[in-house]
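Down below is the structure, laid out as structure tokens.
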Amino acid sequence: MKVRFWLLDISQEPAGETSEIRLWGVDRKGRRILILDRGFNPSLYVAPKIEAEEAVKSLNSNPTLRQAFSTVEVEEKKLFGKPLKVLRVEAKGQEAFETLAKKLPREGWVGEVFHDDLRASSQYLLSLDVKPCGWNEVEAEEVKPPGGVRVEACYLAKERPRAVEALETPKLRVLAFTPIYSSEIGSPSPLRDPVLAIAAVTSQGERKVFAASEKGDDKGLLEEFSRYVEAYDPDVVVGYGSNRQDYPYLTQRAEKLGVRFRMDRMGQHPHQSLYGHFSVVGRANIDLLDFAEDMPEVKLKTLANVASFLGVKFEEPIEVDAVEAGRLWKTEEGREKLQALCLRRAEVIMGVAEAILDFAYQLSHLIGMPVDQVGAAAVGFRVDWYLIREAWRLGELAPKRVEQPYYPYKGGMVLEPKAGIHEKVAVFDFTSMYPSLMVKYNLSPDTYLPEGEPEPEEGVYVAPEVGHRFRKKPPGFYKMVLEELMRARRQIRQRMKGLKPSQALYRILDARQRSVKVITNAVYGYSGWRGARWFKAEVAEAVAAWGRKTISEALAIAEKLGLKVIYGDTDSVFLAYEPEKVERFEAEVEKRVGLEIKPDAIYERILFTEAKKRYAGLLPDGRVEIVGLEVARGDWCEAAKQVQEKVIEIVLREGDPGKAVEYVRQWIRDFKAGRFSMEDVTIWKTITKPIEDYEVRAPHVEAAKRLMAKGWKLTYGDKVGYVIVKGAGKLYQRAEPSLTASPADVDLDYYVENQVVPAALRILQIFGITKNHLMEGLPAKKEGLLKFFS
DNA sequence: GCGACAACTCTACCA
DNA sequence: ACTGGTAGAGTTGTCGCG
């Protein structure tokens, strides 16, 4: 019978001489099913140094190798566009595959081995074009599920499944969960501290809290939660910080207590897998924090901040640290409070999931990577996967990741801004400049013509400045891929036009076009990434060089038309707005440069300092946009950011720097009178490497060390919040973790002198205002300030 | 031994 | 653990002085 299923998860079981691929999914009736495919084995591709037929003979005559493979075939493949005769060697199961991967490269006749770095389940997804988070079809017969497996139906594949294009997502059961831990001091430790509660919220609206005993005995809680998960049988399990925190903690805790922590469809505990994510067999485990990492607008990635950003409504508080939780658990009232908080937290996680899951499914579908991995995989690996699949369709082998030397090259062009305030400034952007250039000039590793090679008949494009040459024909890999991506995005957006944002299909299409955009925009960076399989420094370098040429041409056109250029960065041009000239500029650029340029915004008023990449502008709709300045940064205290934002607004909206000066002076008076909170003065900075690797004693590193000395676990990637306290010595000696600092110790002078005043002055210096104008005790000179607004 | 300054480290931004 | 270009704060090293 034909079974159509939406693929949720894929796993592989070693099964002797054949590996068994397990496809976990949901069928059209909404049943949770498992499809066993025993007819697939992973293969390796061998490029021989000798004649293919001779190579086959050598392979067959080696008894160790002969045992490990079932078949060998000579195939015509391509590598970087060049035809390549290879031997496809099909392994007898996973173990044999690993043996071959190890032994084959040592054979004298073997040139290069391919796909030995792709595990069986990956090869399966690749070679069969089976798509995760999408519909697939297979001829199969119903069988009894393997022992321990819990599904509504199980099938044995009779043939290889195939992807079926269909947009809708089945109704999936989603479970959001979040634990609360206890600790006497510092971070909780699974060997020492109990889990006090786990809240679970389902997409059907069920809400539950599992709690430890009054004394904090959590053995029953873990067992109960496991049973609940099995009974509800979710397809998707979402958490926040679950890969980093909850799964490691809960599995270790369960092990210590002698309980089996069961989340999957096989009665096993979660295990760590690729990209540091935890795999829950048969379900998709998604850590929403992974997706929050791609939201640059949210500086401090707390659940509350992410939820607010996404417009998820909730009541505070939804965060509690383990020490506070441990303290609260001691009273009846505290326990109730904590459980209510825990439940609210799980509800917010569900809310965030609703905002993110469509995108996660679409990204997974597009790049062909299981949805539980896609969030945890870095951008480079997402692109890698997408390209491996596209390569396969074109008969290309996936090149190996090879160690590459660092090769710095020149990037985009940034103009010196015209400092000061400008009225009516039009901003133009080249649309998808880098991808478009890659398409236009056929920039790809396979079209690159190394120095010394004779020019082909079809001709070459020569990159400006750097001189790299690229064959005009045939279309290169990147060109084909990018053209397809850009075409797909246009098509999706076209389809969306007839729909309302409230419709489910609209949301799916929107999620899909966003995922296409993410990949499109990452290809240039990927091409210059040393870890990329299709790395080619000359490609990235040529793209950037053509980019500089392109914007230079646009600038020349502006100049010729008598348009004043205010600023420009990589693919954007800021021009003093003159309606007719600007229109001619747009037409002229498209005609002469051959790339699409579009008006992005017309600022009513915009201000630049002397610095590049920093400005603030007032839009016609009244919004103020702040770019690059302290307001836009996560490593300045709130106080400094708020003052700067207010200064910018006064200056842009009211055009009155004198008023801004008065505002800052009053703010300082209030601040010195003690009107501030710890949040206002906390500075957050990321620990970017292991503490011992730091070469200098930076304030945030010293604050981190103090926290660690007090039992807090910090690893790189974590943010440390600290305040500067009164006292003598270097700044790093006065950096106190904000958790342990008290408001009375805060060094107010530091904040005025080194945070608030510099941030305010960044803007106000444009008007000749100095530190003296802002600080108490010195007269604010008003004369001369208003001349800028005559 | 001291202070001015340059060099370097570190983070987070823009495109 | 996608690229290069950039600002800015803070630490550390160096040099001249006498």
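Chain identifiers are assigned alphabetically (A, B, ...) following the order of the sequence lines, protein sequences preceding nucleic acid strands; residue numbering begins at 1 within each chain. Note that the structure is predicted; figures quoted are calculated from it, not measured.
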- prompt: Can you list, by residue number, the residues of residues 291-302 of chain A that have a non-hydrogen atom closer than 4.0 angstrom to DNA chain B?
  reply: A:Lys299
Sequence neighbours excluded - side-chain hydrogen bond (donor to acceptor under 3.5 Å, both in side chains) pairs with any residue from residues 286-303 of chain A: A:Asn243-A:Asp290, A:Arg244-A:Glu293, A:Asp294-A:Arg382, A:Thr302-A:Asn305
- line: For A:Glu645, the salt bridge (charged side-chain N to carboxylate O under 4.0 Å, His left out) test, sequence neighbours excluded, returns none
message: Within the 4.0 Å heavy-atom criterion, would you say A:Arg382 contacts the bases, only the backbone, or no part of the nucleic acid?
response: nothing
query: Think A:Thr688 has a side-chain N or O under 4.0 angstrom from the OP1 or OP2 of B:dT11?
result: yes
task: Heavy atoms of chain A, cut-off under 4.0 Å: which first and last nucleotide of DNA chain C, 5' to 3', fall inside that, if you could look?
output: C:dA1 to C:dT12
- request: Return the set of residues passing salt bridge (charged side-chain N to carboxylate O under 4.0 Å, His left out) with A:Glu590 (not counting sequence neighbours), or none when no residue passes.
  value: none
Contacts table for residues 407-417 of chain A: side-chain donor-acceptor under 3.5 angstrom, sequence neighbours left out:
residue	atom	partner	partner atom	Å
A:Tyr407	OH	A:Glu541	OE1	2.9
A:Tyr409	OH	A:Tyr524	OH	2.8
A:Lys410	NZ	A:Glu465	OE1	3.4

- line: With sequence neighbours left out, the residues meeting salt bridge (charged side-chain N to carboxylate O under 4.0 Å, His left out) with A:Asp384 are A:Arg401, A:Arg533
Please tabulate, one pair per line, each protein N/O and nucleotide N/O from nucleotides 4-9 of chain B that are separated by under 3.5 Å, including the distance.
residue	atom	partner	partner atom	Å
B:dT9	OP1	A:Glu695	OE1	3.3

- prompt: What residues form a ring-ring contact (aromatic ring centres under 6.0 Å, His included) with A:Phe608, not counting sequence neighbours?
  reply: A:Tyr567, A:Phe574, A:Tyr615
query: Can you list every pair that meets salt bridge (Lys or Arg N to Asp or Glu O under 4.0 Å) and has a residue in residues 684-698 of chain A, with sequence neighbours left out?
result: A:Arg697-A:Glu702
statement: A:Ser444 meets the side chain to side chain donor-acceptor pair (under 3.5 Å) criterion, sequence neighbours left out, with A:Asp446
query: If we fit an axis to the first five pairs and another to the last five of the helix from B:dG1-C:dC17 to B:dA15-C:dT3, what angle do they make, to the nearest 10°?
result: 30°
